[in-house]
Number of protein chains: 2
Amino acid sequence: MFSKACEYGIRASIYIGQQSANGRRVGLKDIAAEIDSPEAFTAKILQQLVRAQLVASVKGPAGGFELTPEQLRTVTLRQIVVAIDGGAMLQGCALGLPQCSAKQPCPMHYQFLPIRDQLNELLRTHTIGELASKVHEGLGFLKQFS
Amino acid sequence: MFSKACEYGIRASIYIGQQSANGRRVGLKDIAAEIDSPEAFTAKILQQLVRAQLVASVKGPAGGFELTPEQLRTVTLRQIVVAIDGGAMLQGCALGLPQCSAKQPCPMHYQFLPIRDQLNELLRTHTIGELASKVHEGLGFLKQFS
DNA sequence: TACATACCGGACAAATTTGTCCTTTAATTT
DNA sequence: AAATTAAAGGACAAATTTGTCCGGTATGTA
């Protein structure tokens, strides 16, 4: 569905959000450990998100990553996905036709449309803050433990 | 959504199906031209589908690829997708958790479930033969032309 | 000011996906 | 049987994704 980078990006954002809701800023090492992702690679992805202003960062001692209250409230899953994977998978043709549309639809065009629409809606209507509180309440997990 | 290989595989299968419904066996060159895909790469993908017995092939002069009446009737989009991309994208967790389930769900687990179910159902309930006739009737296209 | 901390950025490396080329194998035709 | 046709298969190459490493830069502290 999403790229590895995107999966890490989403999980990281949610974890940062969860900690930010508690006033805690988190470092890269902590994040990678908590979401079970490769540290250096996660750093690259966070850089992208910071540049896209979906996540905030502070350098130096006691620095790290955080979500501002505004970001917690407004940043959606969709923005994270688009920042990392681009919009192709949320718009493109399932069969890869470059100009697939009602004008010249691929044979699955009208069948895939509602599913893609739902996916877009799903990503658009869920904020990082909302998902973070779900994790905080123990209703969702960002890594598995046995 | 799907890999390039899978997109080519689906388009190729549908084109072969459309021609087979008319009793025509088609060669690789013809297929690649009609679905606008790289010839040699398409060959590899068709080999996979032939091995998985989702497409039939005949060597030698007047040989080529075809779908048997049985294949036209029974092979589903889902079988093509699984043969090429594997089942991961049709089952795995959207956030990449290896053991995501109701036991320890990712924060999006229950939101993604219905969408994934619909996607599975969509792929499961559409046969290549059905899609081929759609193309045959001009209701769907496998490549774009202006 | 010096030092320690932690993100930033670029270069590099490994793995996977995408794509090509060429030889072999099977089938048909002459 | 020989030649021709077309898929099968293996090796290789390019591109992309995934992942690592390290010096630079900003920030806080002593």
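Chain A is the first sequence line, chain B the second, and so forth, proteins listed ahead of strands; every chain is numbered from 1.
Proximity of Y8(A) to the phosphate of dG19(D): a side-chain N or O atom is located under 4.0 Å from OP1 or OP2. Taking 4.0 angstrom as the limit, S57(A) places none of its side-chain polar atoms (N or O) nearer than this to OP1 or OP2 of dA6(C). In this model, the phosphate group of dG9(C) is approached by a side-chain N or O of R51(A) to a distance below 4.0 Å at OP1 or OP2.
Between the CD atom of E7(B) and the P atom of dT18(C) there is a distance of 9 Å, rounded to whole Å. Regarding R25(B), its CZ atom lies at a distance of 12 Å from the C1' atom of dA7(D), rounded to whole Å. Look at CG on D85(B): it is 13 Å from C1' on dT16(C), rounded to the nearest Å. With rounding to whole Å, L28(A) atom CG is found 14 Å from dG9(C) atom P. The nearest whole Å value for the distance from the CE atom in M1(A) to the C1' atom in dT17(D) is 19 Å. Regarding Q48(A), its CD atom lies at a distance of 15 Å from the C1' atom of dC7(C), rounded to whole Å. If you take NZ of K59(B) and P of dT24(C), they are 13 Å apart, rounded to a whole angstrom. Put simply, CD1 on I45(A) is 13 Å from P on dC8(C), counting in whole angstrom units.
L46(B) comes within 4.0 angstrom of nothing in the nucleic acid, heavy atoms only. Residue K44(B) is classed as a base contact, given a heavy-atom separation below 4.0 Å to a base. Contact annotation for A43(A): no contact, since no heavy-atom pair falls under 4.0 Å across all strands.
Heavy-atom nearest nucleotides on DNA chain C were determined for K4(B) and for G64(A), and the one closer to the 5' end corresponds to G64(A). Mapping T42(A) and F65(B) onto DNA chain D by nearest heavy atom places F65(B) closer to the 5' end of the strand. When the nearest nucleotides of DNA chain D are assigned to S3(A) and I31(B) by heavy-atom distance, the more 5′-ward of the two goes with I31(B).
When the nucleotides dT18(C), dT4(D), dG19(D) are ranked by their closest atom to the side chain of A5(B), dT18(C) comes out on top.
R24(B) places no side-chain N or O within 3.5 Å of a backbone atom of Q18(B) that could act as its donor or acceptor partner. When atom types are taken as modelled, the side chain of R11(A) and the backbone of L95(B) share a donor-acceptor pair closer than 3.5 angstrom.
In the interface, the side chain of Q47(A) is paired with the base of dG9(C) through a donor and an acceptor atom under 3.5 Å apart.
Taking CD1 of I128(A) as the start and CG of L67(A) as the end, the distance is 7.5 Å to the nearest 0.5 Å.
Enclosure of atom CD in Q53(B) is not indicated, since only 12 or fewer non-hydrogen atoms of other residues, nucleotides or ligands lie within 6.0 angstrom.
Side-chain contact check for V81(B) versus M89(B): every heavy-atom pair is 4.5 Å or farther apart.
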